[in-house]
Number of protein chains: 2
Amino acid sequence: MYSAELLKGTLSTIILKLLAEHGKMYGYEIAQCVRQLSDERILIKEGSLYPALHKLKDDGLVQTESEMVDNRVRKYYSLTNKGSQTSTEKVQELFEFIETIKQILNSKPSFT
Amino acid sequence: MYSAELLKGTLSTIILKLLAEHGKMYGYEIAQCVRQLSDERILIKEGSLYPALHKLKDDGLVQTESEMVDNRVRKYYSLTNKGSQTSTEKVQELFEFIETIKQILNSKPSFT
DNA sequence: TTTGCATACCTCGTAACTCTATGCATACAT
DNA sequence: ATGTATGCATAGAGTTACGAGGTATGCAAA
């Protein structure tokens, strides 16, 4: 498990990307999906996930619909139109940021 | 300039890495160095930089020495032994985290 | 000469984010 | 009855970066 600070700023982008790929997902499913895709290296805690999802909804990027499954309410999240656009943008931005960080971490001091 | 949240968790690692490469640097120099290496894409603000440096010092990862340059005190920061070790570890961790994130962002939904 | 810019240090208050801990509830296995 | 997995959610705490502000020097342009 990575130090938690690294996840900051990337969580909402990850959620948006997963929703873009999967159509609709519920909270627990998102957490398990990230867990699998990261080979257990990124474990999203519920205390992080649900506030993040609520914020995405407040911002109009995702919408919810509740379904009854096994006598329990399951809340599905899916992207709005705005969310689809934002997802693409944020994923792109994150990729660029990663490249920039790698550029810095791979730098050798130049003799100036 | 990237959205600010992305920098979270990476700033101290970047600072440690630069100090590992350059030996000793002063605050302003670090900010300018990151600015150049990132092609103006990452602009570390003083309100972020100095608290981060002070925290690294409190944690025993860097040490300071002051020099007079042009009638002004310039405070140089350099890694302690502990800081060197931590630098290596955190850089490695950040690289791994980046690979994990890329893995997630490049994933396609599987049919399960 | 005073205005602005670059250099160079620093602190305070705030906002944003994630975590731990906790609670509620169902279902199944031990 | 106890644990494990599923599934939602909040409260409080801690960390972190930022904006705004302060202090100070040197130089060039207006």
Side-chain angles (χ1 to χ4, degrees), chain A residues 1-16 24-36 38 40-59 61-62 64-77 90 94 97 101, chain B residues 1-16 24-36 38 40-59 61-62 64-77 90 94 97 101:
Chain A
M1 181 58 180
Y2 296 117
S3 73
E5 304 97 51
L6 287 179
L7 195 59
K8 290 183 182 179
T10 66
L11 179 56
S12 63
T13 304
I14 290 173
I15 293 173
L16 290 175
K24 68 176 187 179
M25 300 176 85
Y26 52 99
Y28 193 83
E29 188 183 9
I30 293 173
Q32 295 309 314
C33 188
V34 170
R35 182 179 162 178
Q36 280 182 26
S38 69
E40 311 275 323
R41 284 194 278 264
I42 297 179
L43 307 176
I44 299 178
K45 306 301 161 44
E46 288 148 314
S48 315
L49 179 62
Y50 289 108
L53 286 170
H54 298 332
K55 184 170 190 313
L56 289 175
K57 190 178 182 185
D58 290 342
D59 293 343
L61 302 179
V62 305
T64 59
E65 53 182 311
S66 293
E67 279 183 24
M68 281 304 287
V69 177
D70 294 331
N71 285 328
R72 268 180 288 173
V73 175
R74 179 179 288 176
K75 194 183 275 189
Y76 280 100
Y77 296 83
K90 292 194 72 169
L94 182 48
F97 180 74
I101 289 292
Chain B
M1 184 59 180
Y2 296 118
S3 74
E5 304 96 53
L6 288 177
L7 194 59
K8 289 185 182 178
T10 65
L11 179 55
S12 63
T13 304
I14 290 173
I15 293 174
L16 290 174
K24 68 176 186 178
M25 300 176 86
Y26 53 99
Y28 194 83
E29 188 184 8
I30 294 173
Q32 297 308 315
C33 188
V34 171
R35 182 179 161 177
Q36 280 182 25
S38 69
E40 312 274 323
R41 284 194 276 264
I42 297 179
L43 305 176
I44 299 179
K45 307 302 162 47
E46 289 153 318
S48 315
L49 179 61
Y50 290 107
L53 285 170
H54 299 332
K55 183 169 191 315
L56 289 174
K57 190 177 183 186
D58 290 342
D59 293 343
L61 303 179
V62 305
T64 58
E65 54 180 312
S66 294
E67 278 184 25
M68 283 301 289
V69 177
D70 293 332
N71 286 327
R72 267 180 290 174
V73 175
R74 179 178 289 174
K75 193 182 276 189
Y76 279 100
Y77 295 83
K90 291 195 72 168
L94 182 48
F97 180 74
I101 289 291

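Hydrogens, waters and symmetry mates are skipped; everything else that's a heavy atom, side chains included, is used.
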Q.
Looking only at side-chain N and O atoms, does A:Lys55 offer a donor or acceptor that is under 3.5 Å from a partner on A:Ser12?
A. no

Q) From B:Arg74 CZ over to B:Met68 CE, what is the distance, rounded to the nearest 0.5 angstrom? A) 11.0 Å

Q) Whole-Å distance between D:dG14 C1' and A:Lys8 NZ? A) 8 Å

Q | Spacing of B:Ile44 atom CD1 relative to C:dC9 atom C1', expressed in whole Å | A | 16 Å

Q) Is the phosphate of D:dA9, meaning OP1 or OP2, less than 4.0 Å from a side-chain N or O of A:Tyr50? A) no

(Q) Strictly under 4.0 angstrom, non-hydrogen atoms only: write out the protein contact profile of nucleotides 19-25 of chain D, one letter per nucleotide from the 5' end, B, S or -. (A) B-----B

Q | A:Met68 CE - D:dC8 P separation (whole Å) | A | 13 Å

**Q.** Of the listed nucleotides C:dA8, D:dC8, C:dC17, the one nearest the side chain of A:Lys75
**A.** D:dC8

Taking only distance into account, with no hydrogens and no angle test, what donor-acceptor pairs under 3.5 Å do side-chain atoms of residues 26-33 of chain B form with protein atoms, sequence neighbours excluded?
from: B:Glu29; atom 1: OE1; to: B:Tyr26; atom 2: N; distance (Å): 3.2

Q) Is A:Leu11 touching bases, backbone alone, or none of the nucleic acid, heavy atoms closer than 4.0 Å? A) sugar-phosphate

**Q.** Spacing of CG belonging to A:Leu53 relative to CG belonging to A:Leu61, to within rounding of 0.5 Å
**A.** 11.5 Å

Q. Taking only residues two or more places apart in sequence or in another chain, which ones pass side chain to side chain donor-acceptor pair (under 3.5 Å) with B:Lys75?
A. none

(Q) How many whole angstroms separate atom CG of A:Leu53 from atom P of C:dA16? (A) 18 Å

**Q.** Minimum heavy-atom distance between A:Phe97 and B:Ile42, given as atom pair plus value
**A.** CE1-CD1, 3.9 Å

Q. A:Arg35 CZ to D:dA5 C1': how many Å, rounded?
A. 10 Å

Q | Euclidean distance, atom CG of residue B:Leu49 to atom P of D:dT16 [Å, nearest integer] | A | 14 Å

Q.
Measure CD/B:Gln32 against P/C:dC5 and give the value in whole Å, please.
A. 16 Å

Q. DNA chain C: B:Gly27 or A:Lys55, which has the more 5' nearest nucleotide?
A. B:Gly27

Q) Tell me: CD of A:Glu29 to C1' of D:dA5, nearest whole Å? A) 15 Å

Q | Minimum heavy-atom distance between A:Thr13 and A:Lys90, given as atom pair plus value | A | OG1-CE, 3.3 Å

Q.
Check the phosphate of D:dC8 against A:His54, side-chain N and O only, distance under 4.0 Å to OP1 or OP2. Yes or no?
A. no

Q | Side-chain N or O of B:Tyr28 closer than 4.0 Å to phosphate OP1/OP2 of C:dC9 | A | no

